[in-house]
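Presented below is the structure to which this report refers.
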Amino acid sequence: MIRNQSQKIELLGHAPVRRALLAMGLPTMIGMVIMALYNLADAYFVAGLGTGPMGAISVLFPLSQIVVGVALLFGTGAASYIARLLGRDDTRHANQVASTALYGGVLAGAIVIGLVMMFMTDVLRMCGATDGIMPYAITYTAIYLPFAIFGIFNVTMNNIATSEGATRVSMLGMVAGAIANIILDPILIYGADMGIAGAAIATAVGMMMSSAIYLRYMFSHKSIFTFRPRDCRFNRENMVEILKIGIPTLVASVLTATSVTLTNRAAAPFGDVAIAALGTVLRILAIGALMVFGFIKGFQPIAGFSYGARNFDRLRDVTRTAIRWTTAFCAVTGAVLIALRTPIMAQFAAGDAQMMAIGTAALTAHAAALVTFGFYTVCSCLFLALGRARAGLFLGICRQGICLIPAIIIMPTIWGLNGVLYAQPVADLIACVIAGIMTWRLQRDLRAMRAGK
C-alpha cells in the first residue's frame with residue numbers, strides 16, 4: 001500500500017506535466033466516452049418507441065442533474081480539498097475528509113431522493129413534461145429514482161478516487177455501468193417488450209454494476225484511504241472546506257437542470273418533437289463535453305496538489321497545457337459534428353422530418369459554440385482546484401445561469417424556435433469571455449505569490 005501511495009503522489013506532484021495529464025486524464029476520458037455512448041445508445045433505443053418516450057428521457061435530464069449535483073456537492077468539494085492536503089503531505093486528514101464526504105453524500109442523497117419521490121408528478125411537470133410525455137416520464141422515474149442512491153455513491157467515489165490519482169478505478173467504474181446499460185437496453189426494451197420501463201431498469205442495473213467496482217476498490221485496501229465510518233469528521237473545518245467548493249458545483253448542477261427545464265418549457269409550444277430533438281442534441285454533444293470533463297477530472301487534482309505544494313511553475317504549465325489540448329479537441333469535435341449533422345440526426349429522428357430539421361439546426365449551432373467549452377471548463381475548474389470558492393461559484397453559475405437563463409427567457413420571445421436553438425451558443429460565447437478575464441486576473445495573482453514565496 002505504501003508503494004502504491006508513493007506512486008500516486010509522484011504522479012500528482014513530480015511527473016512531467018504532459019505525462020501526468022495523460023495518465024490522470026485519459027482513463028477518466030475513456031470512462032466518460034463510454035458513458036456518453038451509453039447516453040446515445042439509450043436515446044437510440046428509446047427513439048424507436050416514439051417522441052413521447054424520447055421526450056420523457058429529455059425531461060428526466062434536469063432531475064438527474066439535481067441528483068448528481070448532491071453527489072458532486074460532497075465529491076467535488078472533497079476532491080479539491082484532498083488534493084491540496086496530499087500536496088501538503090497530510091494524508092491522515094485527507095483520509096478523514098474522504099470518509100466524511102462519502103457517507104455524507106450518500107445520506108444527503110437519500111434525503112433528496114425521498115423528497116422527490118413524494119412530489120414526483122409536480123417535479124416532472126416543473127421539468128417540462130407535457131400531457132403526452134408525462135405517463136412515460138412517471139414510469140421511468142418511478143424505477144430510476146430509488147436506484148439513484150447508487151449513482152450518488154458512484155459519483156462521490158469517482159471524485160475521491162480521482163483526487164488520489166486512482167483514475168483507472170474511476171474509468172472502470174464508469175465503463176462497467178455503461179456497458180451493462182448498453183447491453184440491457186435492447187434486451188429489456190424490445191426483447192422483453194418492457195418499453196420505457198426496460199430503459200429505466202437497464203439504467204438501474206448499470207448503476208449497481210458501477211457501485212460493485214467502487215466497493216471492491218474500497219475493500220481491497222488499494223486506496224490511500226480507509227473509508228471507515230469512524231474516520232468521519234463532520235466538524236467545522238472539514239465541512240467548510242468541502243462545502244465551499246461543493247456548493248458552487250451543486251449550484252452549477254441545479255442551474256444546468258433549471259436551464260434545461262426552461263429550454264424544455266420554451267420548446268413545448270413547438271410540440272413534443274422539439275423537446276425530443278433538443279434532448280437528442282444534448283446527448284450527442286455530451287460525447288465531447290464528457291470527454292472534456294473526464295480530462296479535467298485528471299487536471300484538477302494535479303492543479304490542486306501543485307497549489308498546495310506551492311509549485312507555481314508546475315501549476316502554470318499544467319493549466320496552459322490543459323487549455324491548449326481541450327480547445328483543440330473541442331474545435332475538431334465541433335467541426336466533425338457540423339460536417340456529419342445530417343447522418344447523425346437521422347439515427348434518432350426515426351424518419352420524422354420535423355425532428356430532423358430542428359435537430360440539425362440545433363446541432364450546428366451548439367457544435368459551433370463547442371470551441372469555447374474547453375477553455376471555459378479549464379478556467380472554471382482551476383478556481384475550484386485552488387480553493388477559490390467565490391470565483392469558482394461565479395464561474396460555475398455563469399454559463400448555465402447568468403448567461404443562459406436570461407437568453408432562454410428573452411430570445412424565444414423575439415426569435416421564436418430559433419431563439420430556443422441559439423440561446424445556449426450565445427450564452428457560451430459570453431461566458432467564455434468572462435472566464436478569460438477572470439483567469440487573466442488569477443494568473444496575475446499567482447505570479448505575485450510566486451515572486452513572494
Side-chain angles (χ1 to χ4, degrees), residues 61-62 65 69 247-267 278 281-282 284-286 288-293 295-296 319-320 322-335 337-338 361-385 388-445:
F61 179 78
Q65 282 293 298
I247 286 175
T249 310
L250 172 62
V251 171
S253 294
V254 171
L255 284 174
T256 298
T258 302
S259 63
V260 174
T261 296
L262 291 173
T263 300
N264 287 338
R265 295 173 73 90
L278 285 167
V281 168
L282 287 178
I284 294 169
L285 288 166
L290 286 175
M291 287 185 72
V292 172
F293 281 132
F295 179 78
I296 296 304
T319 302
R320 289 180 177 177
I323 288 174
R324 285 196 298 267
W325 287 4
T326 55
T327 300
F329 170 79
C330 287
V332 172
T333 301
L337 289 175
I338 291 172
L363 185 56
T364 301
H366 286 246
L370 188 65
V371 69
T372 66
F373 185 75
F375 175 80
Y376 173 84
T377 307
V378 172
C379 294
S380 179
C381 290
L382 176 62
F383 283 96
L384 296 178
R388 303 204 172 198
R390 291 183 181 178
L393 172 60
F394 178 80
L395 272 185
I397 67 176
C398 188
R399 177 174 175 263
Q400 296 296 98
I402 295 172
C403 297
L404 178 56
I405 290 177
I408 197 60
I409 292 174
I410 296 170
M411 288 179 64
T413 64
I414 300 171
W415 205 2
L417 179 58
N418 284 331
V420 180
L421 304 185
Y422 291 99
Q424 182 71 70
V426 168
D428 287 352
L429 293 174
I430 297 171
C432 183
V433 172
I434 295 172
I437 294 171
M438 291 181 63
T439 304
W440 176 79
R441 290 177 176 173
L442 172 64
Q443 294 300 326
R444 183 183 60 187
D445 293 344

Which donor-acceptor pairs under 3.5 Å do the side chains of residues 438-445 make with protein atoms, sequence neighbours left out?
from	atom 1	to	atom 2	distance (Å)
Thr439	OG1	Ala435	O	2.8

Mind listing the side-chain donor-acceptor pairs of residues 403-424 below 3.5 Å, one per line with the distance, residues two or more places apart or on another chain?
from	atom 1	to	atom 2	distance (Å)
Thr413	OG1	Ile410	O	2.4
Gln424	NE2	Gln400	OE1	3.0
Gln424	NE2	Asp428	OD1	2.8

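The heavy-atom pair separating Leu384 from Gly392 by the smallest distance is CD2-CA, 3.7 Å. Here the closest heavy-atom approach between residue Phe383 and residue Ala391 is recorded as CD2-CB, 3.4 Å.
Residue pairs that meet the side-chain hydrogen bond (donor to acceptor under 3.5 Å, both in side chains) test with at least one member in residues 367-376, sequence neighbours left out, do not exist here.
Considering only residues two or more places apart in sequence or on other chains, Thr327 meets the side-chain hydrogen bond (donor to acceptor under 3.5 Å, both in side chains) condition with none of them. Partners of Leu370 by side chain to side chain contact (heavy atoms under 4.5 Å, CB included), not counting sequence neighbours, listed by chain and number: Cys330, Thr333, Phe373. By the side chain to side chain contact (heavy atoms under 4.5 Å, CB included) test, Ile402 pairs with Phe394, Ile397, sequence neighbours left out.
At a threshold of 4.5 Å between non-hydrogen side-chain atoms, the residues Ile284 and Leu363 count as touching.
Rounded to the nearest 0.5 angstrom, Ile338 CD1 and His366 NE2 are separated by 11.5 Å.
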